[in-house]
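To start, the structure itself, in structure tokens.
Proteins get letters first, then strands, A, B, ... in listed order; numbering begins at 1 in each. Quick caveat, the model's predicted, so the values are computed rather than measured.
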Amino acid sequence: MARLQPVRGTHDILPEDGRRFRHIVETFRDIAERYGMAEIATPVFEFTEVFKRSLGETTDVVMKEMYTFEDRSGDLITLRPEYTAGIVRAFISGGMHQNLPCKFYAWGPMFRHERPQKGRLRQFHQLDVEVLGAAEPTADIEVLALAWDLLSALGLADKVTLELNSLGDADSRATYRAALVDYFSAHKDRLSRDSLDRLERNPLRILDSKDEGDRAIIASAPLLTDYLNPDSAAFFDAVRAGLDALGIPYTVNPRLVRGLDYYTHTAFEFTTEALGAQGTVLAGGRYDGLVEQLGGPPTPGIGWASGIERLAMLVDDPAPARRPIAVVPLGEAAEREALVLCHRLRRDGFVVDMAYRGNLGKRMKRANKVNARAAVILGDDELTRDAATVRDLDSGEQREVAMADIAAALAPYRQQVA
RNA sequence: GCGGGUGUAGCUCAGUCGGUUAGAGCGCCAGAUUGUGGCUCUGGAGGUCGCCGGUUCGAUCCCGGUCACUCGCCCCA
């Protein structure tokens with residue numbers, strides 16, 4: 001260690017970033033609650049088994065990216081690399097299937113041991129939404145609408161495109177997968193190395209290979225859409241009709257496949273050009289088999305997650321901070337008086353800043369630096385009259401106000417923002 | 001995990017074809033101005049030139065390694 005650095009791929013959220021971060025989270029909570037979602041918080045670590053069983057043994061996340069360790073009682077523990085598994089586990093262990101559907105939202109840190117890049121960290125934060133116990137396409141539509149509302153509220157509507165696909169139900173997906181394996185196996189000699197690997201582990205992923213040679217082969221590969229059975233096709237139609245009705249723009253991308261094993265039916269990604277290789281800003285889909293796979297009662301589910309740091313890179317301005325009132329005492333008697341005044345004003349809902357030391361000039365400088373909207377100057381003169389000087393720091397105008405009337409005199413500055 | 005680029009003050013960046021005290025702007029501190037901030041002027045603090053090693057009389061500069069960041073791949077939010 002010795003080096004005074006944050007661990008690779010982690011970073012501090014300093015106050016300026018913090019405001020932006022908080023703005024995103026607050027916008028998210030507000031909108032999620034409008035959709036009747038309830039906040040849930042699950043532990044940052046779980047038994048390793050929870051992630052292995054839900055994500056799939058052969059997933060990259062499980063194979064090479066998990067922070068896994070043995071704790072002091074010998075249990076195998078993993079820092080959560082994503083939210084869904086933990087929430088589904090909580091759903092099962094909390095016996096919440098009695099009261100369906102469950103609509104959850106959550107946010108917090110995630111951990112993945114990847115090579116860091118812009119927009120890709122080892123500790124990062126996600127917003128997350130999960131709806132459990134709803135098999136209807138209406139749930140898909142609602143969950144997508146929530147995502148769209150959030151991105152719009154953050155001012156990202158035109159920086160982002162929604163790509164949509166359907167993987168079909170388990171049957172459709174299995175037949176399609178078999179067809180794909182047949183097709184690609186026939187072209188094995190021309191496939192890239194990476195894709196040969198994918199052929200073993202997750203053949204669907206070959207479809208969004210960036211390799212040029214692969215692309216030529218992919219061009220005439222069987223299309224997922226042709227393998228959707230009637231139920232799956234009808235489901236996908238219903239989702240699209242819903243989005244159309246709500247005026248939510250999207251493009252169908254038949255090559256969109258998600259990396260994790262548990263997805264069925266709807267799969268989607270909101271992507272942007274603005275973040276280089278890490279263009280996915282919000283992504284998710286339906287996972288009808290997951291709850292059962294984790295040992296719960298058969299329960300359909302759908303959800304998404306979004307990277308807060310990635311959103312933060314796209315959001316224009318941090319939410320403005322409230323401008324404080326600066327209290328400026330002169331002399332010991334005034335100092336005592338000022339302390340009481342600060343207290344009173346804060347209890348009254350004002351943001352108040354008082355320097356700990358310095359003469360009038362110093363303190364006024366500080367008032368300016370903290371972007372105070374107004375200053376209350378308390379000196380001997382004023383004290384003898386039981387009054388203070390209230391100075392508007394934008395206009396430079398000031399007047400003397402009786403102590404009893406200070407709060408009223410400051411009222412116009414109460415909610416001023418930068 | 002694989003390949004490329006970068007690393008000089010708190011921040012943004014100059015610079016040294018290898019040579020003695022390494023610079024600027026912004027920011028910070030102080031003074032001009034002991035009861036009035038912003039503007040201006042003056043002064044000041046702040047650097048193991050990422051770290052370790054090598055070559056050399058001499059390395060911030062060249063070489064190797066390492067760490068961090070960054071771009072692309074893999075994968076993903």
Would you please confirm or rule out a distance under 4.0 Å between OP1 or OP2 of [N] and any side-chain N or O of [X]?
{"X": "A/Arg8", "N": "B/rC69", "result": "yes"}
{"X": "A/Lys369", "N": "B/rC29", "result": "yes"}
{"X": "A/Gln117", "N": "B/rG72", "result": "yes"}
{"X": "A/Lys64", "N": "B/rC2", "result": "no"}

Mind checking if [X] touches a base, just sugar-phosphate, or nothing, with heavy atoms under 4.0 Å?
{"X": "A/Ala367", "value": "nothing"}
{"X": "A/Asp380", "value": "base"}
{"X": "A/Leu282", "value": "sugar-phosphate"}
{"X": "A/Ile308", "value": "nothing"}
{"X": "A/Glu269", "value": "nothing"}
{"X": "A/Gly379", "value": "base"}
{"X": "A/Arg193", "value": "nothing"}
{"X": "A/Asp381", "value": "base"}
{"X": "A/Gly9", "value": "sugar-phosphate"}
{"X": "A/Arg366", "value": "nothing"}

Per [X] side chain, nearest of listed nucleotides [options]:
{"X": "A/Arg391", "options": "B/rC71, B/rA77, B/rG38", "result": "B/rG38"}
{"X": "A/Arg115", "options": "B/rC76, B/rG4, B/rU36", "result": "B/rG4"}
{"X": "A/Leu393", "options": "B/rG35, B/rG37, B/rC75", "result": "B/rG37"}
{"X": "A/Ala283", "options": "B/rU36, B/rA77, B/rU70", "result": "B/rA77"}
{"X": "A/Asn368", "options": "B/rC76, B/rC71, B/rG37", "result": "B/rG37"}
{"X": "A/Lys362", "options": "B/rA30, B/rG35, B/rC71", "result": "B/rA30"}
{"X": "A/Arg198", "options": "B/rC76, B/rC75, B/rG35", "result": "B/rC75"}
{"X": "A/Gln126", "options": "B/rG37, B/rA77, B/rG35", "result": "B/rA77"}
{"X": "A/Lys365", "options": "B/rG4, B/rG37, B/rG31", "result": "B/rG37"}
{"X": "A/Thr280", "options": "B/rG1, B/rA77, B/rC75", "result": "B/rA77"}

Considering only atom [atom1], compute the distance from [N] to [M] and round it to an integer number of Å.
{"N": "B/rC13", "M": "B/rC49", "atom1": "C1'", "result": "13 Å"}
{"N": "B/rG64", "M": "B/rU6", "atom1": "P", "result": "13 Å"}
{"N": "B/rG7", "M": "B/rA14", "atom1": "P", "result": "9 Å"}
{"N": "B/rC17", "M": "B/rG27", "atom1": "P", "result": "32 Å"}
{"N": "B/rA59", "M": "B/rA77", "atom1": "C1'", "result": "44 Å"}
{"N": "B/rU56", "M": "B/rC61", "atom1": "P", "result": "16 Å"}
{"N": "B/rG4", "M": "B/rU60", "atom1": "P", "result": "27 Å"}
{"N": "B/rG23", "M": "B/rU40", "atom1": "P", "result": "25 Å"}

Paired nucleotide for [N] [Watson-Crick or G-U wobble; both distances under 3.5 Å]:
{"N": "B/rC41", "value": "B/rG31"}
{"N": "B/rU20", "value": "none"}
{"N": "B/rC51", "value": "B/rG65"}
{"N": "B/rG1", "value": "B/rC73"}
{"N": "B/rA9", "value": "none"}

Spell out yes or no: do the side chain of A/Glu382 and the base of B/rG35 have one donor N/O and one acceptor N/O closer than 3.5 Å?
yes
Rounded to whole Å, please give me the gap between [atom1] in [X] and [atom2] in [N].
{"X": "A/Leu360", "N": "B/rG35", "atom1": "CG", "atom2": "P", "result": "6 Å"}
{"X": "A/Arg363", "N": "B/rU36", "atom1": "CZ", "atom2": "P", "result": "15 Å"}
{"X": "A/Phe124", "N": "B/rC75", "atom1": "CZ", "atom2": "C1'", "result": "12 Å"}
{"X": "A/Glu114", "N": "B/rA77", "atom1": "CD", "atom2": "C1'", "result": "9 Å"}
{"X": "A/Leu14", "N": "B/rG10", "atom1": "CG", "atom2": "P", "result": "15 Å"}
{"X": "A/Asp208", "N": "B/rC76", "atom1": "CG", "atom2": "C1'", "result": "11 Å"}
{"X": "A/Arg357", "N": "B/rC29", "atom1": "CZ", "atom2": "P", "result": "12 Å"}
{"X": "A/Leu275", "N": "B/rC76", "atom1": "CG", "atom2": "P", "result": "17 Å"}

Please list residues of residues 398-411 of chain A whose heavy atoms come under 4.0 Å from any atom in RNA chain B, ordered by number; otherwise none.
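Of all residues in residues 398-411 of chain A, the ones placing a heavy atom under 4.0 Å from RNA chain B are A/Gln398.
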When you check the gap from the basic side-chain N to the acidic O, do A/Lys64 and A/Glu114 get nearer than 4.0 Å?
no
Please report the C-alpha distance between A/Asp353 and A/Arg346 in whole Å, then the side-chain angles of each, then the deciding distance to 0.1 Å, and finally whether the salt bridge (charged side-chain N to carboxylate O under 4.0 Å, His left out) criterion is met.
CA-CA 10 Å; A/Asp353 179 84; A/Arg346 285 169 178 149; over 6 Å; no
With sequence neighbours excluded, give me every side-chain hydrogen bond (donor to acceptor under 3.5 Å, both in side chains) pair touching residues 126-149 of chain A.
A/Tyr35-A/Asp149, A/Thr84-A/Glu130, A/Lys103-A/Glu142, A/Glu130-A/Tyr287, A/Asp140-A/Thr266, A/Asp140-A/Arg286
So which of A/Thr280, A/Asn165, A/Thr161 actually passes side chain to side chain donor-acceptor pair (under 3.5 Å) with A/Glu269?
A/Thr280
Drop me the distance from A/Phe111's CZ to A/Glu65's CD, to the nearest 0.5 angstrom.
14.5 Å
With rounding to the nearest 0.5 angstrom, report the CD1 to CD distance, A/Ile31 to A/Glu26.
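Here the rounded value is 12.0 Å.
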Does the pair A/Leu164 and A/Asn253 meet the rule for a side-chain contact (heavy atoms from CB on, under 4.5 Å), with working shown?
CA-CA 6 Å; A/Leu164 186 69; A/Asn253 175 359; over 6 Å; no
Passes salt bridge (charged side-chain N to carboxylate O under 4.0 Å, His left out), A/Glu39 versus A/Arg29? Steps please.
CA-CA 8 Å; A/Glu39 183 162 14; A/Arg29 299 173 92 131; 2.5 Å; yes
Judged by nearest nucleotide, the residue sitting upstream toward the 5' end of RNA chain B, A/Gly396 or A/Lys210, is A/Gly396
